[in-house]
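Notes follow once the structure below has been shown.
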Protein chains: 2
Amino acid sequence: MPDIPLSDRSPGAPRAAGSAAFSPLYQQIKGLLLQSLDRGEWKPGEAIPSEFDLAARFQVSQGTVRKAIDELAAENLLLRRQGKGTFVATHNEARVRYRFLRLTPDEGRPPVSGSRILECRRVKSAPDVARLLDLRMSETVVNLRRVLSFDQVPTILDDIWLPGAVFRGLTAESLARYRGPLYALFESEFGVSMVRAEEKIKAVRAGAEPAELLQVPEGEPLLQVERVSYTYGDRPMELRRGLYLTEHFHYRNSLN
Amino acid sequence: MPDIPLSDRSPGAPRAAGSAAFSPLYQQIKGLLLQSLDRGEWKPGEAIPSEFDLAARFQVSQGTVRKAIDELAAENLLLRRQGKGTFVATHNEARVRYRFLRLTPDEGRPPVSGSRILECRRVKSAPDVARLLDLRMSETVVNLRRVLSFDQVPTILDDIWLPGAVFRGLTAESLARYRGPLYALFESEFGVSMVRAEEKIKAVRAGAEPAELLQVPEGEPLLQVERVSYTYGDRPMELRRGLYLTEHFHYRNSLN
DNA sequence: CAGTGGTCTAGACCACGTG
DNA sequence: ACGTGGTCTAGACCACTGC
């Protein structure tokens with residue numbers, strides 16, 4: 001299986017020397033691996049071929065494949081396990097489950113969580129939603145609303161939008177039966193792997209409806225988190241607006 | 001200069017085979033580089049010796065030094081510049097200036113910022129401050145309070161604690177004259193490089209004093225950010241409690 | 001024991017920055 | 001022209017996993 005769109009690889013080839021668009025071999029390999037991931041050649045949780053096999057397939061040395069995989073592992077798209085192989089990252093594993101959930105109790109153990117679906121309907125996208133999801137204006141989106149509780153206490157109110165064309169057949173009923181992270185469901189049911197997200201955070205006053213759903217007085221300070229999640233190729237696949245009650249919880253973050 | 005506390009390096013040495021504490025060579029090199037950084041052998045902004053020189057100094061191959069530096073660069077402790085060398089990271093450079101400032105305007109250009117020092121005094125540390133800074137109870141700390149304005153609008157109220165023993169001679173006067181990020185001042189005046197930080201974020205109601213200083217009504221929702229900053233060796237060196245006005249700004253974050 | 005990723009080496013050559 | 005980091009290769013050996 002000759003995937004050969006690589007640059008000229010003859011021994012002394014100047015590899016686009018001095019050219020504006022010089023791309024190292026391992027970056028090209030990384031791109032090919034990304035394509036395979038995107039096209040679903042290897043599914044989340046599965047092992048990809050060994051470094052040795054990939055080196056043969058791409059006609060490069062093992063070290064070059066290794067460097068490509070290194071970068072994908074650093075970006076959490078792949079997971080290396082010594083002695084076993086390299087695996088496609090998934091939101092379905094204990095180790096990385098709730099990867100994107102940064103809300104933590106001020107003290108004590110991570111609590112038991114439960115989800116209550118408020119709504120799940122297909123609507124025409126509003127302009128701001130369409131823009132953030134890179135859709136045409138008024139294209140159909142799935143709008144999903146839910147309340148997450150920790151130890152029975154309502155704590156997060158989520159308002160979620162998904163591209164309707166991709167998330168066909170997502171209904172309140174199927175969601176009600178489901179246990180576990182949404183992102184795991186997206187992977188297994190819709191083939192959408194969330195790989196990265198950007199968040200914008202503010203402090204806001206609780207309006208009437210959020211106050212009622214979170215069982216706090218109107219005007220209560222809430223953390224407002226707007227998240228856009230991306231799949232392979234930096235394609236936005238989810239817009240999520242969350243309101244977090246931070247009386248006994250905080251949003252943790254690490255700066256490097 | 002023989003830095004030789006490395007493991008047995010004779011050709012076929014089993015390098016602590018099967019032992020509980022097996023540490024690869026490049027990790028040992030990384031540790032030695034960290035020590036040199038901590039002890040100030042190379043100052044922020046300066047170049048460290050070339051990979052070739054370091055390889056000779058540590059008696060390992062260039063590739064091994066390279067891998068050690070790779071990790072330090074990934075952690076933002078070092079900065080590689082092709083053709084020039086490898087440099088000690090600093091908060092004094094345009095590229096990484098305000099590395100830890102995550103507050104961004106909702107729209108438009110990054111604003112002009114100004115700082116007003118409210119207070120700078122040496123006090124006995126409260127128990128919670130002592131604990132977070134890893135100090136003995138009641139040890140002296142510097143308490144610094146300031147208001148940061150963006151485009152003349154008061155936006156951040158910072159309450160900062162620093163270990164008194166390290167930050168001798170830090171006064172309101174010296175601060176008033178200073179322009180630029182505090183972390184840059186800490187580097188050049190006190191030899192303290194902040195390398196990493198952990199934050200806990202909540203939404204809170206503005207109390208009387210913060211409301212007055214930020215010129216908003218009492219009860220206004222504010223983002224409360226508690227940050228502990230660490231220098232080399234994960235030693236906590238600053239506790240900062242910030243209140244951010246997020247009406248026209250947001251805290252941005254990336255999830256991977 | 002075989003297969004996987006992890007470490008280490010040595011050497012060649014390229015790209016970048018500076019004289 | 002030289003020195004720096006960046007890429008690529010080839011090969012040896014180690015550590016971990018599972019049969």
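This structure is a prediction, so every number in the text was calculated from the model and none was measured. To find a chain, count down the sequence lines: A is the first, B the second, and so on, and within it residues start at 1.
Between B:T64 and B:Y26, the closest heavy-atom pair is O-CB, 3.6 Å. A pairwise comparison of heavy atoms in B:H91 and B:E187 identifies N-OE2, 2.9 Å as the closest pair.
A search for ring-ring contact (aromatic ring centres under 6.0 Å, His included) contacts involving A:Y178 returns nothing, not counting sequence neighbours.
Distances shorter than 4.0 Å separate some side-chain N or O of A:T86 from OP1 or OP2 on C:dG5. Remark: A:R81 is not in phosphate contact with C:dG5, judged by side-chain N or O atoms under 4.0 Å from OP1 or OP2. The phosphate of C:dT18 has OP1 or OP2 within less than 4.0 Å of a side-chain N or O from B:K84.
Residue A:Q59 contributes atom CD, which lies 14 Å from atom C1' of D:dT9 at whole-angstrom precision. The nearest whole Å value for the distance from the CG atom in B:L78 to the C1' atom in D:dT4 is 15 Å. The nearest whole Å value for the distance from the CZ atom in B:F52 to the C1' atom in D:dT4 is 12 Å. Rounding to whole angstrom units, CD of residue B:Q62 and P of C:dC13 are separated by 16 Å. Atom OH in B:Y26 sits roughly 21 Å away from atom P in D:dC13 (whole-Å rounding). Rounded to a whole Å, the NZ atom of A:K67 is 6 Å from the C1' atom of D:dG6. Counting to the nearest Å, the C1' atom of C:dG5 and the CG atom of A:L72 are 16 Å from each other. If you take CZ of B:R80 and P of C:dA15, they are 18 Å apart, rounded to a whole angstrom.
A 4.5 Å side-chain heavy-atom check between B:R80 and B:D70 finds at least one atom pair inside the cut-off.
Comparing D:dC8, C:dT9, D:dT9 by their closest approach to the side chain of B:T64 singles out C:dT9. Ranking D:dT9, C:dC16, D:dC16 by closeness to the A:Q82 side chain, first place goes to D:dC16. The nucleotide whose nearest atom lies closest to any side-chain atom of B:R66 is, among D:dT7, C:dT4, C:dG6, D:dT7. Of the candidate nucleotides D:dG6, D:dT9, C:dT7, D:dG6 has the atom lying nearest to any side-chain atom of B:E51. Distance from the side chain of B:S61 is smallest for C:dT9 among the nucleotides C:dG5, D:dG6, C:dT9.
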Side chains of residues 106-114 of chain B: which donor-acceptor pairs under 3.5 Å do they make with residues two or more places apart or in other chains?
residue : atom : partner : partner atom : Å
B:D106  : OD1  : A:K202  : NZ           : 3.4
B:D106  : OD1  : B:H250  : ND1          : 2.8
B:D106  : OD2  : A:K202  : NZ           : 2.6

